[in-house]
Amino acid sequence: MGDDSGLGSDNIDWNTDDELEIEGFHSSCSTVSNAHTITAGSVEARSFAGPSNTKVFDNFISMGFPAEVVSKVIQEYGEENEDKLLEEILTYSASSSAGPSNTKVFDHFISMGFRAEVVSKVIQEYGEENKDKLLEEILTYTALESSSQQQQQQVEPDPTSSEYAGSSWDDLSDDDAFSDDEMPKSGDDDTLLALVKMGFKEQEALVAIERLGQDASLDDLVDFIGVAQLVKAEDSLLPPEDKPQSSGHSKLKKRSLYEYEVLGKKRPKVIEKRGVCEEDDEAQALNLPNPMVGFGIPTEPSSLVTHRRLPENAIGPPYFYYENVALAPKGVWQTISRFLYDVEPEYVDSKYFCAAARKRGYIHNLPISNRFPLLPLPPRTIHDAFPLLRRWWPSWDPRTNLNCLQTVHGSARLTDRIRKAVESCEHLEEPTDVVKKYVLDQCRKWNLVWVGKNKVAPLEPDEVEMLLGFPRNHTRGGGISRTDRFKSLGNSFQVDTVAYHLSVLKEMYPDGVNLLSLFSGIGGAEVALHRLGIPLKTVVSVEKSEVNRNIVRSWWEQTNQKGNLIDMDDVQQLDSDRLEQLMSIYGGFDLIVGGSPCNNLAGSNRVSRNGLEGSESSLFYDYFRILDLVKAMAPRFR
DNA sequence: AATAGAATGACTATTAGG
DNA sequence: CCTAATAGTCATTCTATT
């Protein structure tokens, strides 16, 4: 576009539309000298608020945005939050090419003090011919909105849309499946009922009963279920509710508030107190390490912890390796640890293994001495991982590591907005602080990288594969879409991290291992063991998603595996009979790996972050169930 | 039908700053 | 020591577009 003349011409380029009257732009661009009736609002906005306003205004004007847009947005959102302002300006500029013919009418109503959102919505619906009709509608709308409820009620539930997500991970018909199984069976009705009335979740209570036997005392069961639930038990001193679903939600909020207000203040004083709070100490024992390096990482041998004492009934074989997100809601890792034989979690951030962060907790009973990493060591900075990008990387973007690779990625429209924002500062030697903050925030949020002049982009699936330690094209082809690739990769292990932990098995099993892989995903554990040079004798892989099973199967064939790959789609199928059958054919399992679903634990989930009892994340209890079965059966298959 | 884009905050750990 | 601000997170669901 034309950089030839001054600021004015740039503004016009930004918004090219045939029907735009020159007059409209003329009036808005020359607001200071020539105040028409239409732009009076903009002028007032400037002159009223005094010098500070002028500064913010000028700031954006100097970036090259049209005065018309800037004043409009400032009027609506105030001038305090410049970040918000920039975002709005960019959003407006991106969407304005669609139908900007309404500038005049739009300005008219805006200058009357109505919200831009409402005005544009109404204009879109009724056109801009009849101003009186418009005003009526705007008033109705505004009144409706301010009175009480949203006006969105008329959306009909669409039966097809709820089935949309049912492609891979999500088609566990959760509600029915669980409520059927959760129905108390026979003998332990009383105990279970008592526990449920005390506020425990049925699933959890059932497992506790299964673990401790049916004639365990109530106290033991309560103790087993864990510290986190004691707080919940206090809550249920209130009249017990019948509906665990709805009341559980409000209870959860109440509880966290309770913890924040009471425990948060108590914590520091715990040291002083003696006999009162025994349980709190344990909760404190599971703090996240800083730096998050677990028992050690390859590059910092100085921080190595080479020995630990495992609880007696945790000691293998068989060995087990469990993984999930480190930043789960409070109490989740206490519960997981409690079930997995009180083994302490090892929290590791994969940013010490590759260029992307990945904060995860691992619970395993593997030895931790003489670990070794996969070679070659992967690049650990963005620049080493993507040397070609260095050329385009601005000096004011200080990132050296990417954030966690997730299942969704930034859109093309977002990268376009970012390009516009940076270009708006091109006449300066460096973008203004507001633009920098906006761009960096978005880049960090969406893991964007610089791929050209003023140009950012999300990572390609190939690049994500590389960062996570998978062979190139591991998830490519065979009927998997780009969206599915991102999703499967985002849910996967970081291979180098897992391999480092599993490396101790190499000298213990020179002839290979029998692997039970639950929630296999795209086969992170299998790939890790293979790259370590540990032969895979028999792999029983349980994975719900068909595309993921295909990926693993395809990898299995491409790498000329000699062993047997047995896959199934549902952990529920894996009961003691099936295990008995498998183990009698192939021998006992040496290693049980699993990263159970994180859906209901992950921070990104706004909708159903229900903790361990969520419909997907509660599958952790199946990992435990199967592991416990295999442990019990192991002596007979050795 | 399939896909991309966008809207949807809470929770927790960490740092900054008195 | 405290509080306040900041940063980051294996996501879900609806809508518009192709």
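Proteins come first, then strands; the chains are lettered A, B, ... in the order of their sequence lines, and each starts at number 1. Worth knowing before you read on, the calculation uses all heavy atoms, side chains too, and leaves out hydrogens, waters and symmetry mates.
One atom, CG of Asp484(A), and another, C1' of dA1(B), lie 14 Å apart when rounded to the nearest Å. Glu87(A) has its CD atom 11 Å from the P atom of dA6(B), to the nearest Å. The CG atom of Leu90(A) sits 17 Å away from the C1' atom of dG5(B) (whole-angstrom rounding).
In the set dA6(B), dT12(C), dC10(C), dC10(C) carries the atom at the smallest distance from any side-chain atom of Cys598(A). Side chain of Glu323(A), nearest nucleotide from dA10(B), dG5(B), dC10(C): dC10(C). Distances from the side chain of Asn290(A) to the nucleotides dC11(B), dT12(B), dT14(B) place dT14(B) closest. Checking dG5(B), dT14(B), dT3(B) against every side-chain atom of Ser481(A), the shortest atom distance belongs to dT3(B).
The salt bridge (charged side-chain N to carboxylate O under 4.0 Å, His left out) analysis of residues 438-452 of chain A, with sequence neighbours excluded, yields the pairs Lys437(A)-Asp441(A).
Across all strands shown, Ser596(A) has heavy atoms under 4.0 Å from base atoms, whether or not it also approaches the sugar-phosphate. Residue Asn600(A) is out of contact with every strand shown, counting any heavy-atom pair closer than 4.0 Å.
When the side-chain nitrogen and oxygen atoms of Arg360(A) are compared with OP1 and OP2 of dC10(C), one or more of them lie within a distance under 4.0 Å. At dC10(C), none of the side-chain N or O atoms of Arg358(A) fall inside 4.0 Å of OP1 or OP2 (strictly under the cut-off).
Donor-acceptor pairing under 3.5 Å is recorded for the side chains of Asn605(A) and Ser608(A).
Aromatic ring orientation, Phe339(A) versus Phe624(A): perpendicular (interplanar angle above 60°, classes split at 30° and 60°).
No more than 12 heavy atoms of other residues, nucleotides or ligands shown are found within 6.0 angstrom of NZ on Lys455(A).
When each of Arg482(A) and Pro289(A) is assigned the nucleotide of DNA chain B with its nearest heavy atom, Arg482(A) is the one assigned upstream, toward the 5' end.
Scanning residues 401-412 of chain A for heavy-atom distances under 4.0 Å to DNA chain B yields Ser411(A), Ala412(A).
Nucleotides dA7(C) and dT8(B), compared at atom P, are 22 Å apart to the nearest Å.
Stem list for DNA chain B (at least 3 consecutive Watson-Crick or G-U pairs, distances under 3.5 Å): B:1-8 with C:11-18, B:10-18 with C:1-9.
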